[in-house]
Structures are given as C-alpha cells and as structure tokens.
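This report concerns only the one structure given below.
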Amino acid sequence: MTLIATRPGPGAARPYRFPQVVRRAVAGGQVVAAHLPGQNLAVALLLLDAGAGREPVGKEGLGGVLAKALEEGTAQRDGTAYALAIEALGTELVTGLDWDSFQVSVQVPVDRLSAAVELLTEAVRTPRLDPADVLRVRDDEATALRMDWANPGPRADAVLRADLFGAENRWGRPMHGDPQSVAALDVDDVTVFHSEWFIRPGTLIVAGDLDRLDLAALGAAAFAGTGGGPVDKGGPIDVPLPGRRKVVLVDRPGSVQSTLRLGHPAPHRAHPDYVPMTLAGTVLGGAFTSRLNHLIREVHGYTYGIRGDFAASRRFGRFAISSGVQTAVTALALVEAVGEVSRTQLTGVTEEELAVARSWRAGQLSVELQTPRAIASALTTLVVHDLPDDYHARLRESLLGADVEQVSAAAADHLHPESLTLVVEGDSAVIRDELVAAGLGDVVDHTP
C-alpha cells in the first residue's frame, strides 16, 4: 500500500506592521527605538562597531573571549556582586557577535530598564578584566572550540571561507576563530581590543513602550564617559569570482559520511537585489520544500537534509550549500547539487515555486517580529546596514511583489555554478578517485 500525500499550497501571508522607528542624538551617541504601546517588557541593546571584522588577522576570537569576560566583574564590583545585581533585576546580559557588530542586551519589565541599562553599561565600559579571569575565559573558549572542531563541519567551513575570501584577510578566517587562534590570545590582546572599540559611544537600541521610557536618560547612561570619533565602516569588498570550479578534499580518515560545503562569493547585505536573491535562494535551497532538498533528500535519499542560500554582511556575502551524505554517494550528491544550481541559474524559477517562497518569507515576518527582542534585532539591521527607517515596514510588500522575472534574473546574475568551490570533508582514500572521475573540477588536497 502506497500513501501519496499532496503538498498543500501556500496560504495568505498574515497581516504585519512594523512599529514606528524613533531616532535621538544623545550624549555623543545615537538612540534608535521602536514604540510598542502597552508592552510590559522592554529591551535595551548596545550596538558597537566591534564585530569580528575589527579583529586583527591572527587574533581571531577576541570578541568571543571579551564577551564572556564582561560578566567576570567590573571596576565597581566583583563578579559575584555583579551577578547578584543583574539577577536582582530578573535579567541577564545577552551578548552577540557577527562580522559587523558586537551586541550586549538586557530584557526587563519597563520600569526596570533604566537600572538594567546602567548595569549593562557598567559591564561594557568598565569591565574588571582581571588577568586570571581573562586567561580562564580564554582557556574555556579554546576548549569549547577544540570540542566543536572535533566534529565534522567546522574545518570544512573554514576551508571554504579561506578559499573564497583569502586566509590572509580577517573575513577569510572563521568568525569565532579556531582553537589555535583563541588559545594564543593574551591578556593585552583583550584589553587593547576593549580600549579601542568598547569606549566608543555606539548605538543604543530600545524596543518597548516609549510612553513609559525616557530615551534621553537611557542614552545618557549608555554613553556616559565615552569618546572617540566616528570610524570608517569601509565599503563593499570586491571579491573576484574564481575562473573555474574546483574540489578541495579535507581528509577525515575512516569517516562514514562526507561533509559537503559548496560556495562562491556573493553581494553584500545592502545590495539592491537582496529581496529577489533571497527568494531565489529560498526556491533553490533555503526551505524544506526547496529544489535541493527535494532532489537530494526525497528523490535520491542521499541525505537527511541539504540547505543552500545567500548570506551577507555589511561588506561581503556568499552563496553556500551545506549537507552531509553517506561516503558511498559523495560524488553522486555533488554532481546532482551542482546540476541543480546550474539549472536554477539557467532557467530561473517557476511561478508555483515562487508563490510558496513569497508566502513563506512574508509570513515569517508576522511570526518572527513579535517580541521586543526580535524588534530590537530588526533595528540593529537598520543601523548596521544603513537601511531606511521604513525598510521593515516595506519588506513584506517587497517580498510579495517580487515576480518571476525579477527572481529569475537574480538567480541568473548571482548564481555562479562554474565558480563554485566544492569542499568535501571525508575519507580521502575512499572518495578521491570518484571525485576525480566525476569531472566537477580539479581535485586538490587541503594542506592544514
């Protein structure tokens, strides 16, 4: 007996309205806020231009070590006293790091936000950074990375990034560093990075009921004692596409699976094709209903899942596909994946596929942007990428309004199957000959 289910069609995107954005210049910094009337929770997020892209080459992982060290005490109180003060407000410091920014946030009831911002500021601006604490945090981070890098994936990710962007560049190295780079950091590295980037005002993001909040007072607390002029954000990085496709083999002897990472450079986040690129990526590999997942998982049964999409930071972007397959089907899976990228680049998308992608992406906005923390995160996107204040208000219409011609044109312009780097982390002795025979490109062995 065979059960055949018909895939349901897309539903109507739910109503969605992004709150009004308010900007204030306060005490040498900027406050960017969203009004959430009647909301009893509020979020304050300090956004600093101190992302991984600011770390010196060879010092990868500084931001992660500093993030953990912020809660080890301040100039005013030791770690225990600081932890008790934060817990008394019913909150915690939440840190985040990406290529473009360092973020520290708190979420509390509205009437406690002022006190929470003062504690957040105390940790960010005046951390104790006791040498013993810094070294302990560093060692903990290095140990965590060693455990992570013992698994398949991180090495393949690092090899792909180095090939796309160049290991001599910071953006060509892992965003959070690797076990060796983190273990080599010393106390001076951390304190110098803090003094250079964490005393600048930055931007205070606030999401909450603004009728019950004093933005000027919050900004004054967040920016007290700061200084330094504006920093050059830098323009988009011109990353040339490789002239030919190649396969990079990362040997993992005895592995019963091969970890696949395929990619090429792509435009930065603020590129005008961002919406049609996103939709093209969704059709190709960015959702469970995608072409890649249907072909590699459902038709051939090579994997539990495969994903491919565009991702971008302020200065650069990439298109990448990731999956894990059984060793015996490594070459077959790569041939099928590259073929699907080529088909999408050449023929574009269909109206039926695009309708599903539009509905899902637009519908996600009404689901994802519900909480103060999600709204605060959306505000950081405006600041980091210099997007207009009404960007999120117009995003739903932009997604729903994209047509087949626009999305197919984005696929044609921004997918480059002939320039893909195919990184395979697996048992070289078993798969190398089949990879060579597949004719996908020159097969080169990665040298650590």
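What's counted below: heavy atoms across the whole structure, side chains too, no hydrogens, waters or symmetry copies. Keep in mind it's a predicted model, so treat the numbers as computed, not measured.
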Legend entry - Polar contact flag, side-chain donor to acceptor under 3.5 angstrom, Asp427-Thr327: no
Inset, instruction - Could you tell me whether the side chain of Gln406 and the main chain of Asp403 form a donor-acceptor pair under 3.5 Å? - result: yes
Legend entry - Distance-only polar pair, side chains of Thr278 and Arg361, donor-acceptor under 3.5 Å: no
Inset, instruction - Using modelled atom types only, decide if a donor and an acceptor are shared between the side chain of Ser181 and the backbone of Gly58 within a distance under 3.5 Å. - result: no
Inset, instruction - Give a yes or no answer on whether the side chain of Arg244 reaches the backbone of Gly441 with a donor-acceptor pair at less than 3.5 Å. - result: no
Inset, instruction - Hey, can you tell me if Phe310 and Phe319 have their rings parallel, tilted or perpendicular (30° and 60° cut-offs)? - result: tilted
Legend entry - Stepwise salt bridge (Lys or Arg N to Asp or Glu O under 4.0 Å) check, Asp49 with Lys233: CA-CA 8 Å; Asp49 194 339; Lys233 292 183 176 181; 5.8 Å; no
Legend entry - Short side-chain donor-acceptor distance under 3.5 Å, Gln103 and Ser101: yes
Inset, instruction - For Trp149, check ring pair (Phe, Tyr, Trp, His ring centres under 6.0 Å) against everything at least two apart and list the hits. - result: none
Legend entry - Sub-4.5 Å side-chain heavy-atom contact between Thr282 and Asp309: no
Legend entry - Summary of ring pair (Phe, Tyr, Trp, His ring centres under 6.0 Å) pairs that have at least one residue in residues 364-412, sequence neighbours excluded: Phe18-His392
Legend entry - Ionic contact status for Asp389 with Arg23, cut-off 4.0 Å: yes
Legend entry - Arg138 side chain vs Leu185 backbone, donor-acceptor pair below 3.5 Å: yes
Inset, instruction - Indicate yes or no: does Arg343 engage Glu340 in a salt bridge with an N to O separation below 4.0 Å. - result: yes
Legend entry - Side-chain ion pair, Arg291 and Glu353, N-O less than 4.0 Å: yes
Inset, instruction - Determine yes or no for a side-chain-to-main-chain donor-acceptor pair under 3.5 angstrom, with Asn169 supplying the side chain and Trp171 the backbone. - result: no
Legend entry - Arg358 side chain vs Ala402 backbone, donor-acceptor pair below 3.5 Å: yes
Inset, instruction - Could you check whether the rings of Phe193 and Trp197 sit parallel, tilted or perpendicular, using 30° and 60° as the cut-offs? - result: tilted
Legend entry - Donor-acceptor contact present, side-chain Arg315 to main-chain Gly235, <3.5 Å: yes
Inset, instruction - State, yes or no, whether a side-chain contact exists between Val124 and Leu48 at a heavy-atom distance under 4.5 Å. - result: yes
Inset, instruction - Check whether any side-chain heavy atom of Val110 lies under 4.5 Å from a side-chain heavy atom of Leu113, and answer yes or no. - result: no
Legend entry - Donor-acceptor contact present, side-chain Thr226 to main-chain Arg200, <3.5 Å: no
Inset, instruction - Considering non-hydrogen atoms only, spot the tightest contact between Val325 and Ala333 and give its length. - result: CG1-CB, 3.9 Å
Legend entry - Arg432 and Asp445: CA distance, side-chain angles, deciding distance, salt bridge (Lys or Arg N to Asp or Glu O under 4.0 Å) verdict: CA-CA 9 Å; Arg432 195 179 202 286; Asp445 295 301; 3.1 Å; yes
Inset, instruction - Would you name the heavy atoms of Phe198 and Ala50 that are closest together and state the gap between them? - result: CE1-CB, 3.8 Å
